[in-house]
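For reference, positions follow the sequence shown, starting with 1. For clarity, every value in this text was computed on a predicted model and none was experimentally measured.
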Amino acid sequence: MALLLAAGLCVPALLGCSLIKRVSVAGIAAVLADVGKATAKQTDLNLVQEGMPAYLMLLDGLIEAYPREKRLLLAGAEAYCSYAGAFGSPGDPEATAELYLKGKGYALRAMARSKDFRAVLSEPYPVFERYVQSLSARDVPPVFWFASCWAGWIGVAGGSVKAMADLPRVVLLMERIIDLEETYHYGGAHLFLGIYQSSRPKAYGGNPEGSRKHFERAIEIGRGDYLMAYVYYAEYYARNTFQRELFVSLLEKVLGSPVDRVPELAFINTLAKRKARQLLAHVEDYF
């Protein structure tokens, strides 16, 4: 129902309908929050995949109407980043990269000091580092989604020199988020650093023990209910350290856990179960 509502609102929003213009921003934000909650509770992955483009178009239209409304910009950043991560096509990396870039742009505009941040992005790393240290707790949501979209874009950029050169800046942002509010989005910054540290050689920032601690902290923050944390723990740490028993046990835990113990995690947990089955199907190839 919520996805149908999004589709129904999309056309007038994109046309700049005067009715939409008269609705208060607070009212719009409340509707979007309800749509987001309903989507998060969905367990039908196909339904979400088919309905999300209408929601994204709705957000684009509303942001066009209210270009400075930070709640809308943040919702757009999260939606584009999440959609790209869940349904981006490996066969079409350019399209997936565009989704990440769209979300990254919205997150940048949502920052309290977006002009300052935009300017410092092109500065030498030490200048960028000093700026990042000046970020405060209120910056955490837009910075997290900015960094997440940036990381996603790097991941589909095909290992280009430009993309890889950006990675240390993403790492720095995620480390700063942990300093300021490590629990944000179920410990999402810990998950990123766990993946990063387990995916690289030690000479280039790899740290298996640090990776393990990040994954375990994310699981602790999510109270074991955020099942994707177990999937990433298995896929990146257990697989890359050649721990077959741990790999299998983590994924079997995902498959044996209910997806809706926390209703708002039903969608991501259903996605985690699908990924866990895919990984287990290839266990003989990995070990």
Side-chain angles (χ1 to χ4, degrees), residues 77-78 80-81 84-85 88 93-94 96-137 139-218 229 232-233 235-237 239-241:
E78 180 176 355
Y80 270 95
C81 189
E94 290 185 3
T96 305
E98 286 301 315
L99 293 171
Y100 281 124
L101 288 175
K102 188 71 169 286
K104 183 179 172 217
Y106 282 157
L108 177 59
R109 290 166 57 186
M111 292 180 191
R113 296 178 290 161
S114 59
K115 290 184 179 179
D116 293 341
F117 191 81
R118 189 187 302 274
V120 84
L121 285 172
S122 59
E123 293 290 339
Y125 184 83
V127 177
F128 179 77
E129 185 175 24
R130 287 195 296 273
Y131 181 88
V132 169
Q133 291 307 310
S134 75
L135 296 173
S136 64
D139 299 309
V140 166
V143 169
F144 175 81
W145 290 110
F146 180 87
S148 296
C149 289
W150 201 356
W153 175 80
I154 292 171
V156 298
S160 73
V161 174
K162 170 66 170 65
M164 297 310 295
D166 287 344
L167 191 53
R169 299 184 183 230
V170 179
V171 173
L172 186 64
L173 289 172
M174 290 298 192
E175 289 174 341
R176 183 59 177 155
I177 289 169
I178 288 176
D179 291 340
L180 294 170
E181 190 180 343
E182 65 166 347
T183 61
Y184 185 76
H185 200 66
Y186 303 97
H190 280 291
L191 288 178
F192 169 82
L193 291 172
I195 293 170
Y196 173 79
Q197 292 181 354
S198 61
S199 301
R200 300 175 66 79
K202 288 186 178 180
Y204 295 95
N207 182 353
E209 179 60 17
S211 169
R212 180 187 64 80
K213 290 180 179 179
H214 280 300
F215 282 124
E216 291 184 352
R217 180 57 181 149
Y232 290 147
Y233 193 7
E235 181 180 12
Y236 292 97
Y237 174 79
R239 180 181 168 186
N240 290 336
T241 56

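Taking every heavy atom of both residues into account, Gly187 and Ala218 meet most closely at O-CB, 4.0 Å. For the pair Cys149 and Gly103, the tightest heavy-atom approach, listed with the atom from each and the gap, is SG-C, 3.6 Å. The two residues Gln197 and Gly210 come nearest to each other via the heavy atoms OE1-C, 3.1 Å. Leu180 approaches Ser136 most closely through the heavy-atom pair CD1-O, 3.5 Å.
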Next on the checklist: side chain to side chain contact (heavy atoms under 4.5 Å, CB included) for Ser148 and His185? Distances and angles first, verdict last.
Outcome noted: CA-CA 11 Å; Ser148 296; His185 200 66; over 6 Å; no

Checklist entry - Does the side chain to side chain contact (heavy atoms under 4.5 Å, CB included) test come out yes or no for Phe192 and Val170, once each step is laid out? => result CA-CA 10 Å; Phe192 169 82; Val170 179; 3.7 Å; yes

Item to check | Glu175 and Val132: CA distance, side-chain angles, deciding distance, side chain to side chain contact (heavy atoms under 4.5 Å, CB included) verdict | outcome: CA-CA 10 Å; Glu175 289 174 341; Val132 169; over 6 Å; no

Next on the checklist: Test side chain to side chain contact (heavy atoms under 4.5 Å, CB included) on Phe128 and Leu173; report intermediate values, then the result.
Outcome noted: CA-CA 10 Å; Phe128 179 77; Leu173 289 172; 4.1 Å; yes

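For Glu209, the salt bridge (charged side-chain N to carboxylate O under 4.0 Å, His left out) test picks out Arg212, with sequence neighbours left out. Residues forming a salt bridge (charged side-chain N to carboxylate O under 4.0 Å, His left out) with Arg169 (at least two apart in sequence, or on another chain): none. Under the salt bridge (charged side-chain N to carboxylate O under 4.0 Å, His left out) criterion, Glu235 pairs with Lys275, sequence neighbours left out. Annotation: salt bridge (charged side-chain N to carboxylate O under 4.0 Å, His left out) contacts of Asp166 (sequence neighbours excluded): Lys162.
In this structure, Leu167 CG and Leu172 CG are separated by 11.5 Å, a value rounded to the nearest 0.5 Å. Considering CZ of Arg176 and CG of Asp139, their distance stands at 9.0 Å, rounded to 0.5 Å. Separation of atoms OG1 (Thr183) and CD1 (Ile177) is listed at 11.5 Å; rounding is to 0.5 Å. Put simply, CG on Asp116 and OH on Tyr131 are 5.0 Å apart, with the number rounded to the nearest 0.5 Å. Separation of atoms CG (Leu193) and CD1 (Ile178) is listed at 4.5 Å; rounding is to 0.5 Å. Note that OG of Ser211 and CZ of Arg200 are 13.0 Å apart. Values are rounded to the nearest 0.5 Å.
More than 12 heavy atoms of other residues, nucleotides or ligands sit less than 6.0 Å from atom CD of Gln133. With a 6.0 Å radius and a threshold of 12 heavy atoms from other residues, nucleotides or ligands, Arg118 has its CZ atom at or below the threshold.
Among residue pairs with one or both ends in residues 182-194, those qualifying as salt bridge (Lys or Arg N to Asp or Glu O under 4.0 Å) are Glu182-Arg217; sequence neighbours excluded. Among residue pairs with one or both ends in residues 123-137, none qualify as salt bridge (Lys or Arg N to Asp or Glu O under 4.0 Å); sequence neighbours excluded.
Ring geometry for Phe144 against Tyr184 counts as perpendicular: the plane angle is over 60°, on a 0 to 90° scale with 30° as the lower cut. In this pair, Phe146 and Trp150 present their aromatic rings perpendicular. The plane angle is above 60°, beyond the 30 to 60° band.
Residues Tyr100 and Lys104 form no side-chain contact, since every pair of their non-hydrogen atoms from C-beta on lies 4.5 Å or further apart. Side-chain contact between Pro168 and Tyr125: present, with at least one pair of heavy atoms (C-beta onward) separated by less than 4.5 Å. Looking only at side-chain heavy atoms (C-beta outward), Leu191 and Tyr186 stay at 4.5 Å or farther from each other.
Under 3.5 Å, the side chains of Tyr233 and Glu216 contain a donor-acceptor pair of N or O atoms.
In terms of modelled atom types and a separation under 3.5 Å, the side chain of Ser198 and the main chain of Ile195 share a donor-acceptor contact.
The aromatic ring centroids of Tyr237 and Phe215 lie 6.0 Å or more from each other.
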